[in-house]
Asker: 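The structure that follows is given in the form of structure tokens.
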There are 2 protein chains.
Amino acid sequence: MASAMGSLHLDLKDCGNCPIRHRAVCSRCEPDELEVLEEIKYYRSYEAGQPILWSGDHMEFVASIVTGISTLSQTMEDGRTQMVGLLLPSDFIGRPGRETAAFDVVAVSDVTLCCFRRRPFEQLMTNTPHIGQRLLEMTLDELDSAREWMTVLGRKTAREKIASLLLIVARRDASLRKQLPGDGMVFDLPLTREAMSDYLGLTLETVSRQISALRKSGIIQLEGKRRVIVPDLQDLIAETGDDVDGGMII
Amino acid sequence: MASAMGSLHLDLKDCGNCPIRHRAVCSRCEPDELEVLEEIKYYRSYEAGQPILWSGDHMEFVASIVTGISTLSQTMEDGRTQMVGLLLPSDFIGRPGRETAAFDVVAVSDVTLCCFRRRPFEQLMTNTPHIGQRLLEMTLDELDSAREWMTVLGRKTAREKIASLLLIVARRDASLRKQLPGDGMVFDLPLTREAMSDYLGLTLETVSRQISALRKSGIIQLEGKRRVIVPDLQDLIAETGDDVDGGMII
DNA sequence: GAGGCCATTTGATCCGTATCAATGTCGCGC
DNA sequence: GCGCGACATTGATACGGATCAAATGGCCTC
């Protein structure tokens with residue numbers, strides 16, 4: 001069904017050349033290519049809760065998230081919604097070669113995007129092949145992640161789903177997490193219970209119950225509603241149902 | 001985690017130059033590029049039920065399916081399995097730049113692959129940018145499909161899931177379907193009930209029951225266990241829960 | 001501090017799908 | 001033709017998560 005929008009994880013590094021870190025797009029760029037990127041970029045800001053794109057929207061840009069968190073989701077006619085991606089800083093929004101968005105993008109926290117006008121960006125891509133290569137690598141990684149998430153949605157229990165989500169947040173959002181002595185960790189949940197339920201294909205009540213259950217089992221502790229303390233990460237990993245050997249830790 | 005293998009839908013056309021139809025990879029190739037492709041390709045055959053790749057396997061090739069059907073799936077420690085992709089003729093297996101397979105690939109029917117040795121193929125990609133561009137387009141399409149499937153897995157009822165799968169098979173496997181007068185269609189299911197359940201995140205019993213239910217409702221008819229007759233495709237579409245307006249028909 | 005709003009938790013019950021088990025059907029080799 | 005095995009259907013029951021409903025807690029405004 002058509003069209004048009006992906007989130008690509010950009011392995012950004014501060015390149016020292018520019019206020020935003022779009023170095024990954026151009027990590028192998030010559031200085032003059034960097035200048036071209038510089039020329040076609042601009043910024044956009046969105047407040048928490050604000051929609052960034054609706055499915056079907058015309059997109060005149062591709063973008064990289066500088067700060068904040070957004071969700072990528074799909075809503076059925078009757079209102080059932082499924083989150084299909086969680087966009088963190090350095091993730092990529094948009095798709096070269098397509099004009100319309102295929103999913104809804106919503107800012108969960110305040111978000112700043114570094115946008116590149118689509119046409120010039122596509123032009124740049126054809127002129128500098130390694131940008132396309134980098135995008136291909138990132139897209140293939142995203143595809144693997146999406147497929148792994150299918151297993152979560154299709155085969156895991158509610159408890160395993162929650163553990164999997166907590167682990168993803170713990171691993172991906174380096175800025176919000178803090179290592180504890182031993183194999184523990186503290187981090188803040190960027191999502192409401194409802195957003196978590198949209199991600200996991202559950203109801204918000206079930207999410208709440210399972211978080212309580214994990215707390216009662218001593219797997220996690222809560223400080224307020226959003227801060228999660230994991231005394232021993234291995235215990236949480238054990239709850240995901242995943243193969244422990246194959247799993248990369250943090 | 002991580003790594004390594006994607007299925008990319010190749011829009012193959014018989015190019016008249018070669019017994020297998022790898023034209024899509026090279027639809028914009030110059031004749032001499034075609035010759036290079038010709039040099040690095042070879043064939044492999046697999047019998048129905050045979051594994052093509054196991055997750056973690058070293059892959060020395062990328063390939064395009066010439067004939068037959070394969071599945072892409074993931075199995076948890078305890079045996080729960082989730083199919084994450086259905087590979088039909090013209091689909092692409094493998095991933096340039098990665099050495100190991102991330103998912104299991106199994107031949108459902110007898111399968112013939114047209115393989116390209118990975119290194120030379122990657123070399124070719126860097127020399128002829130439009131091959132990479134084509135792969136990027138295909139991968140982005142696959143990513144969209146994967147995300148749409150997440151909604152099926154996370155939010156649809158068993159009946160809606162079955163209808164969605166039937167529709168996908170009806171739409172994708174042109175070789176096996178036959179248009180009926182009016183808005184009807186006949187096609188053969190390439191999958192066992194168990195494979196369908198793996199795809200849909202259900203049990204095989206539930207699959208069987210829901211197919212029976214659709215039959216009793218008159219949405220579909222069965223001829224034997226595998227041949228499906230859909231008197232009116234619109235009726236089936238109505239069962240998917242999808243937005244009818246947005247749906248492309250066939 | 002009172003009141004209101006929103007996110008979250010908790011409780012009671014219902015329903016859809018899983019599970020366990022038996023039966024049916026088709027194709028194939030002997 | 002018979003029996004076997006693979007695949008599929010159907011039935012009875014259990015259980016996990018959804019649904020409907022109410023209570024709690026934090027935070028903000030007035």
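Computed from a predicted structure; not experimentally measured.
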Asker: Provide the start and end nucleotides, 5' to 3', of the part of DNA chain D that has atoms under 4.0 Å from heavy atoms of chain A.
Answerer: D/dG17 to D/dC20

Asker: What residues form a side chain to side chain donor-acceptor pair (under 3.5 Å) with A/Glu239, not counting sequence neighbours?
Answerer: A/Arg159

Asker: Would you check if there is a donor-acceptor pair between the side chains of B/Ser164 and B/Lys156 at a distance under 3.5 Å?
Answerer: yes

Asker: With sequence neighbours left out, what residues match A/Arg44 under salt bridge (Lys or Arg N to Asp or Glu O under 4.0 Å)?
Answerer: A/Glu60

Asker: Any salt bridge linking A/Asp198 with A/Arg193? Criterion: basic side-chain nitrogen under 4.0 Å from a carboxylate oxygen.
Answerer: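 Result for this pair is no, no salt bridge flagged.
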
Asker: Among residues at least two apart in sequence or on other chains, which ones pass salt bridge (Lys or Arg N to Asp or Glu O under 4.0 Å) with A/Arg209?
Answerer: none

Asker: For nucleotides 7-18 of chain C, just jot down a letter per nucleotide in 5' to 3' order: B, S or -, based on protein non-hydrogen atoms under 4.0 Å.
Answerer: -SBBBB----SS

Asker: Do NZ/NE/NH1/NH2 and the carboxylate oxygens of A/Arg147 and B/Glu142 come within less than 4.0 Å?
Answerer: yes

Asker: Can you list the residues that meet the side-chain contact (heavy atoms from CB on, under 4.5 Å) rule with A/Thr192, with sequence neighbours excluded?
Answerer: A/Glu194, A/Ala195, A/Arg226

